There are 2 protein chains.
Amino acid sequence: MPEATVARLPLYLRALTNLAERGVATVSSEELAASAGVNSAKLRKDLSYLGSYGTRGVGYEVDFLRHQITREIGLTQDWAVVIVGIGNLGHALANYGGFASRGFRIAALVDADPSRLGEEVAGLNVRHADELEQIVQDLGIAIGVVATPARAAQLVCDRLVAAGVTSILNFAPAIVQVPEGVDLRKVDLSTELQILAYHEQRKNGAALALTAEQAAELAEAVNG
Amino acid sequence: MPEATVARLPLYLRALTNLAERGVATVSSEELAASAGVNSAKLRKDLSYLGSYGTRGVGYEVDFLRHQITREIGLTQDWAVVIVGIGNLGHALANYGGFASRGFRIAALVDADPSRLGEEVAGLNVRHADELEQIVQDLGIAIGVVATPARAAQLVCDRLVAAGVTSILNFAPAIVQVPEGVDLRKVDLSTELQILAYHEQRKNGAALALTAEQAAELAEAVNG
DNA sequence: AGACGCTTGTGAACGTATGCACAAAGTTGC
DNA sequence: GCAACTTTGTGCATACGTTCACAAGCGTCT
């Protein structure tokens, strides 16, 4: 299955869940594509990788398709997750309700700061980073979430991998390297903003995006 | 410039900043590519869209290249940003230091919950959602960050767009539609985890990823 | 000054992703 | 049971992105 398709399955799953909550039983590729914000041919091709689960002339049965995607992604089981780094972001992640409802169970919280130990966050005690390896092994954790400062990210990832974690979601604004066989995805807030800024700069032409330096250059060119 | 290249420029910028902090003056495409985790030919092609800023036989001057990328992305000016939704995640975003140091100034915080009004977060008073349009216009805000619950996301985006915002970064787990000309990027925590789960399921074979239902099927197949 | 070694910048080949357009296959109505 | 209509699943063309491989260019050393 193409990676681009895999990345869209959660999107379809969400759209289907919305439809199911509104009591919709059947949906066409056109409707589903519209509510997921993609092209309908792309949607159909994506779904065709799962198998032939539509009915020509009718569409897709919402609940059935939802179950197939859930199974394909691997959400029929619960995945235990450890969050490393319980600062502002770690707190927010621990308290984020969207995980539990989507098959992910936050099994442990870990921080290196002794002053945070024992603090209760989202019903879990924060444990010390020294225990990381033990926790991962005891709880059979395969997925780690890194929400540490940038300078700690590589070390934390190394330790997670050494302890047996094979998938990491990195929120730290750092470039980390992981060995072959370990999946790493990164979520980077300022990268996203920078991409927006790039397009914003081009949209507004010179008006808003003119720096003092550029304005001087422009003035010189015009006044010559 | 290709979109894929734009998305990597912030990555290069970060790598270059790291090098600059370590006092490195010059870097080859091979080294820079390694520290950014990309192929060196790709890096060179990406940089070639900026212009011919390398020196054959030598490499790239770190500070100079950093400045060029900064300028290309549009970070020579500060961008005013409003965060809508000051829950757990909104708090974390408001307190995230990485914004300010990368050219983004959090100019206002907005929430619909009256009990949060006037609360001081990251040195700013939380203001009521009713003031959103006024705030956006008064402060000349072009970029909005949405950290509301899913059900509020579309409405908030509509209001941001109506008020003049042309770039939105959406953290709400919802599919939102925006008109042509408005850039929308989304950061979705559970989507990322779901993509990891998909690969995790395939890595471990049946071992960890076996559900009760699948185990029953398997048992039947083996014993039957 | 000239030869040598290194690194950039890019043409070309390859691979992946997208979207059109339509045949195949189902449902509905008569 | 057949015709008309709807919608899926997919072959094909096109666009986009990545990687290889190498000529062109720069600095260095003799």
Side-chain angles (χ1 to χ4, degrees), chain A residues 1-12 15-16 19 24-69 72 180 183-185 191 195 198-199, chain B residues 1-12 15-16 19 24-69 72 180 183 185 191 195 198-199 202:
Chain A
M1 167 142 21
E3 188 58 32
T5 296
V6 173
R8 281 189 295 267
L9 289 182
L11 193 70
Y12 304 151
L16 286 166
L19 290 171
V24 178
T26 298
V27 68
S28 72
S29 66
E30 203 70 49
E31 294 168 314
L32 184 54
S35 67
V38 301
N39 178 295
S40 70
K42 182 153 62 178
L43 171 74
R44 288 197 297 276
K45 190 157 283 185
D46 284 343
L47 294 184
S48 76
Y49 289 108
L50 302 178
S52 221
Y53 293 143
T55 306
R56 294 172 193 233
V58 177
Y60 301 88
E61 210 214 318
V62 172
D63 279 332
F64 182 71
L65 187 55
R66 202 150 71 102
H67 181 254
Q68 293 305 324
I69 294 178
E72 188 69 19
E180 185 105 6
D183 278 291
L184 173 71
R185 296 189 67 87
T191 293
I195 295 169
Y198 171 86
H199 294 295
Chain B
M1 167 143 21
E3 188 58 34
T5 296
V6 173
R8 281 188 294 267
L9 289 182
L11 192 69
Y12 304 151
L16 286 167
L19 290 170
V24 177
T26 298
V27 68
S28 72
S29 65
E30 202 71 49
E31 295 166 315
L32 184 54
S35 67
V38 301
N39 178 294
S40 70
K42 182 153 64 179
L43 172 74
R44 288 197 297 276
K45 188 155 283 187
D46 284 343
L47 294 184
S48 76
Y49 289 108
L50 302 178
S52 221
Y53 294 143
T55 307
R56 293 169 193 238
V58 178
Y60 301 88
E61 210 214 317
V62 171
D63 279 332
F64 181 72
L65 186 55
R66 201 149 72 103
H67 181 253
Q68 293 305 325
I69 294 179
E72 187 71 19
E180 185 104 6
D183 278 292
R185 296 189 66 86
T191 292
I195 295 169
Y198 171 86
H199 294 295
R202 264 140 201 80

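First the proteins, then the strands, lettered A, B, ... as listed; each starts at 1. These numbers come from the heavy atoms of this one structure, side chains and all, not from hydrogens, waters or symmetry mates. Everything numeric in this text was worked out from a predicted model, so none of it was measured.
Contact record, B:Leu43 with B:Ser29: CD2-O, 3.2 Å, taken as the closest heavy-atom pair. When all heavy atoms of B:Ala7 and A:Thr191 are compared, the pair lying nearest together is O-CG2, 4.3 Å.
OP1 or OP2 of D:dG9 lies within a sub-4.0 Å distance of a side-chain N or O belonging to A:Tyr60. Between D:dT7 and A:Ser29, no contact under 4.0 Å exists linking OP1 or OP2 to a side-chain N or O. Between B:Ser28 and the phosphate of C:dT7, there is no side-chain N or O to OP1/OP2 separation shorter than 4.0 Å.
Counted by atom type alone, A:His67 and A:Glu72 present zero donor-acceptor pairs between their side chains at under 3.5 Å.
Atom pair A:Leu50:CG and D:dG9:P shows a separation of 10 Å (rounding to whole Å applied). For B:Leu9 and D:dG17, the CG to P distance is 13 Å, given to the nearest whole Å. If you measure from atom CE of B:Met1 to atom C1' of D:dT18, you get 17 Å, rounded to the nearest angstrom. Computed from coordinates, the A:Leu65 CG to D:dT7 C1' distance equals 15 Å when rounded to whole Å. For the pair B:Glu30 CD and C:dT8 P, the interatomic distance rounds to 8 Å; values are reported in whole Å. A:Leu47 has its CG atom 11 Å from the C1' atom of D:dG9, to the nearest Å. Counting to the nearest Å, the P atom of D:dC26 and the CD atom of B:Glu61 are 16 Å from each other.
Residues of residues 34-46 of chain A that place a heavy atom closer than 4.0 Å to DNA chain D, in numerical order, are A:Arg44, A:Lys45.
Nucleic acid contact class of B:Ser52 (heavy atoms, under 4.0 Å, all strands): sugar-phosphate only. No contact: A:Tyr49 has no heavy atom under 4.0 Å from any strand.
In this structure, the separation between CG on A:Leu47 and CZ on A:Arg8 is 10.0 Å, given to the nearest 0.5 Å. Going from atom CD of A:Glu30 over to atom OG of A:Ser35 covers 11.0 Å, rounded to the nearest 0.5 Å. Between the CZ atom in B:Arg44 and the OH atom in B:Tyr60 there is a gap of 7.0 Å [rounded to 0.5 Å]. We find the CG-CG distance between B:Leu65 and B:Leu16 to be 5.0 Å, quoted to the nearest 0.5 Å.
Geometrically, B:Arg202 engages B:Tyr198 in a cation-pi contact defined by less than 6.0 Å to the ring centre and at most 45° from the axis.
For A:Thr55 (side chain) and A:Val58 (main-chain N/O), no donor-acceptor pair under 3.5 Å exists by modelled atom type.
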Report task. Heavy atoms under 4.0 Å is the rule here; annotate nucleotides 25-30 of chain C 5' to 3' with B where the base is hit, S where only the sugar-phosphate is, and - elsewhere. Result -> BSS---
